[in-house]
Amino acid sequence: MPTNSGAPARASSKSKKSGPGAPKKARKVPKSFKVDGTPKKRWSSAERADRGLGPRKSGGQPNRAQRRREQFGAPVTSAGAERPRFDRESDDRPARDKTPRGDNRSRSDERPRFDRKTDERPRFDRNTDERPRFDRNTDERPRFDRNTDERPRFDRKTDERPRFDRKTDERPRFDRNTDERPRFERSGDDRPRYDRTKPELSRQTRSERPRHEAGSDRWRSTRDSRTGDNRPADNRSGGWRDDRGSRDNRSAGFSRGTDRPARSDSGESNADTMSWTARELAPVDTGAVTAEHGFARLGLPKPLVAALISEGITDPFPIQAATIPDALAGRDVLGRGQTGSGKTLGFALPMLTTLGGPAKGNRAPRGLVLVPTRELAMQVADVIAPLAKTMDMSVTLIAGGMAYGPQIRAFERGVDVVVATPGRLIDLMEQGALDLSRVEVAVLDEADHMADLGFMPAVTTIMDQMPAGGQRLLFSATLDRAVDRLVKKYLDNPVTHEVDSGQATVSTMVHHVVHILPHDKNALTAEIAGRPGRTVIFVRTQRGADRVAEQLRAAGVTAGALHGGLTQGARTRILAAFKDGTVPVLVATDVAARGIHVDDVGLVLQVDPPAGPKEYLHRAGRTARAGGTGVVVTLALPHQRKELQRLTSQAGVASAPLEARPGDEALARATGSRQPSGAAVSQADFEKLIAPPARGGGRPKNRKDFGRRDAGGYRGGNRRGTGGRSRG
DNA sequence: AAAAAAC
């Protein structure tokens, strides 16, 4: 040890020597005692007033011990002998007890501390104190006498109360043999709603299907519908797949429901789901396509090229030009292209071309696209479906939060391409509704994300169901070593295409880190969100999204929250309202960070820092898509500055930070920020804005999922949906 | 650590 006699090291304080002559460090001495052990003078408020001082600030408030002294008299007085424990000179505690307890304890040192071994708290003098005391050895508190106490007590060994044991659970209320409620049986599944011979049943809403204790929170979910928090109290990080192993877990409320009632709309049906139907293209004239056309030169068939032209897509983007030929050649491909650079078509076009057309005979899916979120699944399916249609192939969207019936029936009819999120796909696999044994082309979109800890088990489960040797295409804007395990296990001699010219983000994107003060955060958020044009705001948590959206509406900015804790219907509606401009500001968790394309998002505001450089790039990538321009603003509180410096530097977008207070002109020039109106957007008005969208031209057929009660025909189509939300 | 992925 260094012999720093001038400043005793922590270990050396074992030394008894701490008297007046000893070297002192201020922090080693309880601050309310002088170094010689006598207590410091503490001014009374009258004395403070005499000296022209105001009341004590919080740090100077008497602490508990001091208040007690004032109230009960002072066991600790200037006579040091009366508080022997705190007289360092005469302290006779065992040496090890005199080890300093760390600087953070110094404040409390002025108060009698409780030492389990040596404490003889004066305030509870054994001889005079009348209050019942608890002594571990002798106490025979009458009210808790073990022998005479009549109250039922809990004894781990003999207690008969039904307790929940994961393995041996025999809770009376869920007795397997006597319970009458319809029950999920893994084998011999007789769930009525999945009876494939009676498709009508599948169309029933969940609330109409036989099910467990409708409305029973214990059964349904641990979701807290008041706070909007869908997180179960436990098992938050265990991975949702793990919950699937035990039906008992589910019955005991360990599940993670997806049917949280919409906020402040608690009367609404739980079955607030999303529907999807393939978009259709206007008929195209394939005769107009020449072999000289950009996409045709890549080797794509005429119907596809014609369909692209009809969509206004005439020339391949670089990532498409790079990956399509290799993919058509049957190679496994790792494709990395900047956000908004056209990766979806980069895998969709070769996949459809390879599949060539509808299968003859067995029409189990031959193409599979796996994506991390439901919204992205819908978006990808929306891109692929019309293209597939031109080649007489069908595309099915398989994702949670949607009715089972259409998905199961789709497989009965025959499907060529499946676009799916992992959870529902596995669910259907386990039901036997889905056969992946004929998949020829499998795509992992956002592959690096699909390879992370939370998704990996589900992804491998699915990949393992597909025949080995099929073609695999992995795409992401941030395709890094995270996918190595997947590549090693499932890909064969893949070719990598990285089309970003070394640039992390597109050149049309401008990045600002804005240093702000904590109390300015809400005002600045509102000013930036109040800019004209579409804005996406990212926050870290679901509740943060709800909160920021609410605050923005209170400030007069029409903003809606999007996160995984909402019902799927609510998710779909708010995204639709954002896309059509009804709601110009979307406040989202990272559920919207990847892949989601909305035209003309002019600015991405990160109110909370992203989790990492990849998340930064993906969030930022919601703007400046397909050649457009965009601004990315990241707010940085003082304690986040370093972190953001590191993040932006790792993401390759570091730039000189701005400092801004509300009303800042430089910020206004950079972002278009402006003072919001201040006229709050009421909850009722907001809910009108996100009323069920008229998807697919608003044909009643497409709206049935918003009027879920119409199955029996006793109620008109979307009545319930609009009626429920448009009141008030 | 959070979010996301099923009912």
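Every chain is numbered from 1, with letters handed out A, B, ... down the list of sequences.
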Peer 1: May I have the distance from Glu643(A) (atom CD) to dA1(B) (atom P), rounded to whole angstrom?
Peer 2: 15 Å
Peer 1: Residues in salt bridge (Lys or Arg N to Asp or Glu O under 4.0 Å) with Asp608(A), at least two apart?
Peer 2: Lys521(A)
Peer 1: In whole angstrom, give the distance that lies between atom CZ of Arg540(A) and atom P of dA4(B).
Peer 2: 12 Å
Peer 1: Nearest to the side chain of Asp427(A), which nucleotide is it out of dA3(B), dA2(B), dA6(B)?
Peer 2: dA6(B)
Peer 1: Counting only side-chain nitrogens and oxygens, does Gln568(A) get under 4.0 Å of the OP1 or OP2 atom of dA6(B)?
Peer 2: no
Peer 1: For a 4.5 angstrom cut-off between non-hydrogen side-chain atoms, does Thr623(A) reach Leu603(A)?
Peer 2: no
Peer 1: In chain order, what residues pass the ring pair (Phe, Tyr, Trp, His ring centres under 6.0 Å) check against Phe538(A), with sequence neighbours excluded?
Peer 2: none
Peer 1: Roughly, in whole Å, what's the span from CG in Leu434(A) to C1' in dA6(B)?
Peer 2: 14 Å
Peer 1: Has the side chain of Glu550(A) got a donor or acceptor atom that lies under 3.5 Å from a matching backbone atom of Ala561(A)?
Peer 2: no
Peer 1: Could you tell me if the side chain of Asp435(A) sits less than 4.5 Å from the side chain of Phe411(A), heavy atoms only?
Peer 2: no
Peer 1: Whole angstroms only, please: what is the CE-C1' distance between Met456(A) and dA4(B)?
Peer 2: 16 Å
Peer 1: The side chain of Phe455(A) lies closest to which of these nucleotides: dA4(B), dA2(B), dA6(B)?
Peer 2: dA4(B)
Peer 1: Can you tell me the distance, in whole Å, between the CD atom of Gln407(A) and the P atom of dA6(B)?
Peer 2: 9 Å
Peer 1: Starting from P on dA4(B), measure out to NE2 on His563(A) and report it in whole angstrom.
Peer 2: 8 Å
Peer 1: Could you work out which one of dA4(B), dA6(B), dA3(B) sits closest to the side chain of Thr373(A)?
Peer 2: dA4(B)
Peer 1: Is the distance from OP1 or OP2 of dA6(B) to the nearest side-chain N or O of Arg374(A) less than 4.0 Å?
Peer 2: yes
Peer 1: Using whole Å, what does the distance between atom P of nucleotide dA4(B) and atom CD of Glu615(A) come to?
Peer 2: 13 Å
Peer 1: Any side-chain N or O of Thr421(A) below 4.0 angstrom from OP1/OP2 of dA4(B)?
Peer 2: no
Peer 1: Given dA6(B), dA2(B), dA4(B), which nucleotide is nearest the side-chain atoms of Arg571(A)?
Peer 2: dA4(B)
Peer 1: To the nearest angstrom, how far is Leu425(A) atom CG from dA6(B) atom P?
Peer 2: 9 Å
Peer 1: Looking only at the side chain of Thr541(A) (C-beta and beyond, no hydrogens), which of the listed nucleotides dA3(B), dA6(B), dA4(B) gets closest?
Peer 2: dA3(B)
